[in-house]
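Quick notes on the structure that follows.
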Amino acid sequence: MFAIGLIIFQFSFINLEDDFKNVQAKVIEVKKYSAIISINNTKYLTNFENGWFNSGDIIQFNGKAVDINNNSYYEFNYQNFLKEKLVFKKIKIDNLKVIDSNSLISKIDTFKNNVGDIYKAIIFKNLENDHPLSIYIKQSNLQHMFNLNGMNVMGFSFIFRKLFRKNKHKFLYLILILQFWFLFIDGNMSFLKIIIIFVIRQNKKVATLPKMVQSYLTFYLLLCFNPMNIYHSSFWYISIGSIFLTSFLFDNKKEHSILKEFVILSLVFLPLNAFYNYNFNIFSEVIEMILSPLLLVFYLATTICLIFLFQAQISPFLEQILVFTLKSINLKSFNYNSGSISLISLIFYYLILYATLKTNNRYSWSIFLAVILIIFIIREVQSLEVSLTSLDVGNANTFIYINKFENKVVIFDAGCGGGINKNILNSYLAYHRINKIDALFISHEHQDHMNLLENLEIKPKQIIRRNDQKGNYEFGSLIVTKFNSTIFKNENDLSMVLFCKMNDKKFIMMGDLERSGEKWLVENVSLWKKEEIDLLQVGHHGSKTSTSEIILKNWNFKNAFISGRYDYKFKFPNVETIKKLDSFNIDWLNTGINGNLKWDLINNKITFKK
């Protein structure tokens with residue numbers, strides 16, 4: 001019944017109206033690049049292409065509602081994130097007018113955006129991803145701790161019970177305060193769980209129920225507040241963690257050693273980290289046990305400072321302590337990219353783990369370890385591939401060669417265009433369980449070919465630029481030969497061109513080479529001329545200044561990848577370039593249209609996936 005109600009609830013929020021003219025809407029939430037607005041209690045995503053507004057503003061506009069496109073399959077699932085907020089469509093706004101901007105919510109939103117970074121990180125969770133503090137948190141693989149982790153939930157619950165267990169009036173006042181605070185911080189789910197647990201345990205009958213039953217009741221109430229919480233990772237961290245911890249740690253009269261607690265915590269939470277983030281850190285649970293009391297103090301301290309309005313004096317000091325702590329931990333080197341895990345595999349794992357912990361003997365643990373080993377071997381075999389992938393990075397270049405048979409990874413350029421998440425390469429490597437990079441070639445010194453370097457979590461063994469004196473490189477079966485001119489002033493024409501061969505497969509990486517550089521290449525390079533080349537990386541994102549006929553006549557290309565996107569600023573790929581490729585019977589694909597492009601070198605098959 002609950003599942004049926006959930007489906008009805010979800011579809012009841014979808015407005016069938018797509019076209020809006022002179023419609024008024026209330027702004028619900030504002031982020032750096034986007035906002036959520038409400039029209040007749042139906043929420044929509046929009047952006048700031050045609051004007052700026054704040055939370056609480058009443059706006060008027062024309063627009064059209066369309067479906068929300070998800071990010072690439074290996075990135076953060078943006079659609080599910082929006083579903084949790086009951087947002088199912090987006091609107092491109094035209095003729096924007098701000099009707100009313102003097103609301104209390106607007107003033108609160110302005111206040112949130114102007115507080116110190118430590119408050120944005122710990123209380124409001126609205127710190128930008130490229131902020132140094134956000135980067136330290138991510139590198140430590142402890143993001144979940146800054147969303148009020150389970151230990152902090154227990155800490156808050158314990159404090160509240162001790163302070164107000166005998167005074168019912170104070171209890172009621174506290175509930176009202178907590179509800180206000182919950183709304184003020186935009187409804188953090190873990191904080192909502194604190195309120196629910198606190199209310200449940202004030203009821204004597206409920207408090208005497210087994211902790212497992214209390215946990216189930218908490219999950220049910222969380223879903224009653226918002227059924228779309230099932231799309232939120234925090235809900236599953238809370239749910240699965242509570243089931244296992246109340247069953248095998250907190251509801252057991254026996255004392256447990258620190259080692260046993262560490263093992264159980266790791267077995268429960270590391271797979272969830274791997275499922276949602278495609279990576280984990282074997283020491284994260286130990287650090288969490290150490291840091292939880294400190295973060296609880298941080299949360300209380302920042303809250304007090306915020307309430308009494310002296311955050312400006314304390315904010316730099318608290319931020320320095322937090323950054324110093326995260327730097328001292330330095331868990332980055334212990335991160336392991338585990339790759340994507342299917343939902344069926346995760347469910348099967350937890351069923352086996354629960355049965356193993358329930359029986360808890362050598363025989364059950366032997367079976368558990370054997371099953372995990374078999375799953376690992378199957379995943380290893382299934383992941384074997386040799387491929388070249390062009391990531392959908394806008395008007396930029398990022399190509400990745402992966403040979404799982406030889407454990408070789410080579411990246412050709414590492415850049416992204418405007419509006420693309422700069423963690424996109426890290427996400428791809430984590431999704432495909434890549435933990436080392438043998439080499440990274442940078443074709444030339446333009447940001448759209450190298451701006452992902454600063455955020456790259458796996459440091460390449462070597463970074464090769466055009467001034468490198470070596471001309472030939474070998475990475476297992478992959479042989480790369482480098483050519484580049486030094487006579488041009490145009491940076492694009494100085495791009496190094498890479499002739500790559502893996503057994504009988506050949507491909508050429510052109511960087512941003514334009515007509516003058518292409519003419520130089522034809523006149524000075526005889527390698528593979530008139531031979532059949534399996535794949536061409538079309539130069540300069542398909543611009544009309546590149547891929548001249550002189551190139552197409554001297555090398556016989558079968559297929560071509562274009563890394564470019566047609567937008568208001570750049571019209572990539574250019575129509576002239578497409579016509580030339582078609583006239584030479586070259587099959588082409590474009591990341592802006594087809595998404596991520598992948599060439600399977602073993603089966604000689606090209607596929608694409610958003």
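- The CG atom of Asp468 sits 11.5 Å away from the CD1 atom of Ile463 when rounded to the nearest 0.5 Å.
- Panel note: side chain Asn596, backbone Asp392; a donor-acceptor pair is recorded below 3.5 Å.
- In terms of modelled atom types and a separation under 3.5 Å, the side chain of Asn554 and the main chain of Lys529 share no donor-acceptor contact.
- Here the closest non-hydrogen pair linking Ile420 and Val393 is CG1-O, 3.6 Å.
- In terms of heavy-atom proximity, Phe561 sits nearest to Leu388 at CE1-O, 4.2 Å.
- Annotation for Lys404: atom NZ counts as buried by contact number, over 12 foreign heavy atoms lying within 6.0 Å.
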Under the criterion side-chain contact (heavy atoms from CB on, under 4.5 Å), I'd like the reasoning laid out for Ser563 against Phe399: C-alpha separation, chi angles, the key distance, then a yes or no. CA-CA 9 Å; Ser563 182; Phe399 286 74; 4.3 Å; yes
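- Between Asp600 and Thr607, the closest side-chain pair of non-hydrogen atoms is not below 4.5 Å.
- Looking at Phe348 and Ile375, their side chains come closer than 4.5 Å, going by heavy atoms from C-beta outward.
- In this structure, the separation between CZ on Phe557 and NZ on Lys506 is 11.5 Å, given to the nearest 0.5 Å.
- Using a 4.5 Å heavy-atom threshold, the side chains of Met509 and Cys500 count as touching.
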Let me see the working for Trp599 and Asn604 under side-chain contact (heavy atoms from CB on, under 4.5 Å), right down to the final yes or no. CA-CA 7 Å; Trp599 174 31; Asn604 198 25; 3.1 Å; yes
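- Proximity of a side-chain donor or acceptor of Gln462 to a complementary backbone N or O of Ala439 within less than 3.5 Å is not detected.
- With Glu385 as reference, Lys598 is the one residue of Lys598, Lys408, Lys605 to meet the salt bridge (Lys or Arg N to Asp or Glu O under 4.0 Å) rule.
- Side-chain N or O atoms of Trp555 include one that pairs as donor or acceptor with a backbone N or O of Leu527 at under 3.5 Å.
- The two residues His444 and Ser495 come nearest to each other via the heavy atoms ND1-OG, 3.2 Å.
- Within a 6.0 Å sphere centred on NZ of Lys544, other residues, nucleotides and ligands contribute 12 heavy atoms or fewer.
- For CD1 of Ile344, the number of neighbouring non-hydrogen atoms (other residues, nucleotides, ligands) closer than 6.0 Å is 12 at most.
- Looking at heavy atoms from C-beta onward, Tyr237 lies in side-chain contact with Tyr276 at the 4.5 angstrom threshold.
- The distance between the ring centers of Tyr473 and Phe441 falls below 6.0 angstrom.
- The closest side-chain heavy-atom distance from Ile458 to Val409 is not below 4.5 Å.
- For the atom pair Tyr349 OH and Thr356 OG1, the distance stands at 9.0 Å (nearest 0.5 Å).
- If you take CD1 on Ile562 and OG on Ser543, they are separated by 11.0 Å, rounding to the nearest 0.5 Å.
- When all heavy atoms of Lys558 and Asp534 are compared, the closest pair comes out as CB-O, 3.8 Å.
- For an aromatic pair to be called close, the ring centres must be under 6.0 Å apart, and Phe499 with Phe483 satisfies this.
- In this structure, Asn403 and Leu478 have side chains that are not in contact, with every pair of non-hydrogen atoms separated by 4.5 Å or more.
- Checked by atom type, the side-chain pair Tyr428/Thr389 shows a donor-acceptor distance below 3.5 Å.
- Here the OG1 atom belonging to Thr591 is positioned 6.0 Å from the CG atom belonging to Leu597, to the nearest 0.5 angstrom.
- Here the side chains of Leu440 and Leu453 are in contact, with some heavy-atom distance below 4.5 Å.
- The backbone N or O of Ser345 sits less than 3.5 Å from a side-chain atom of Ser342, completing a donor-acceptor pair.
- Aromatic ring centres of Tyr278 and Tyr74 lie farther apart than the 6.0 Å criterion allows.
- Lys461 and Lys436 make their closest contact through NZ-NZ, 3.9 Å (heavy atoms, listed as atom of the first residue, atom of the second, distance).
- The backbone N or O of Thr481 lies less than 3.5 Å from no partner atom in the side chain of Asn472, so there is not a single donor-acceptor pair.
- When atom types are taken as modelled, the side chain of Asn435 and the backbone of Asn337 share a donor-acceptor pair closer than 3.5 angstrom.
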In sequence, state the C-alpha distance, the side-chain angles, and the governing distance for Asn492 and His446, and then conclude on side-chain contact (heavy atoms from CB on, under 4.5 Å). CA-CA 8 Å; Asn492 286 343; His446 277 167; 3.1 Å; yes
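- Heavy atoms only, all atoms of each residue included: Asn590 and Gly564 are closest at ND2-O, 2.9 Å.
- In this structure, the side chain of Ser477 does not engage the main chain of Met502 through any donor-acceptor pair within 3.5 Å.
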Step by step, work out the side-chain hydrogen bond (donor to acceptor under 3.5 Å, both in side chains) result for Asn335 and Glu457. CA-CA 9 Å; Asn335 284 347; Glu457 294 175 1; 5.2 Å; no
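- When each of Val263, Leu270, Leu265 is checked for a side chain to side chain contact (heavy atoms under 4.5 Å, CB included) with Leu267, only Val263 meets the rule.
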Is there a side-chain contact (heavy atoms from CB on, under 4.5 Å) between Val575 and Lys579 once you walk through the steps? CA-CA 6 Å; Val575 176; Lys579 287 181 177 179; 3.7 Å; yes
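- The CD1 atom of Ile479 lies 8.5 Å from the CG atom of Asn503; values are rounded to the nearest 0.5 Å.
- A donor-acceptor pair is defined here as one N or O able to donate and one able to accept, closer than 3.5 Å; no such pair exists between the side chain of Asp587 and the backbone of Asn559.
- Proximity of a side-chain donor or acceptor of Thr577 to a complementary backbone N or O of Gly542 within less than 3.5 Å is detected.
- Inter-residue side-chain proximity for Val522 and Ile551 is flagged as met; some heavy-atom pair is nearer than 4.5 Å.
- The aromatic rings of Phe280 and Tyr336 lie tilted to each other, with the angle between the two planes from 30° to 60°.
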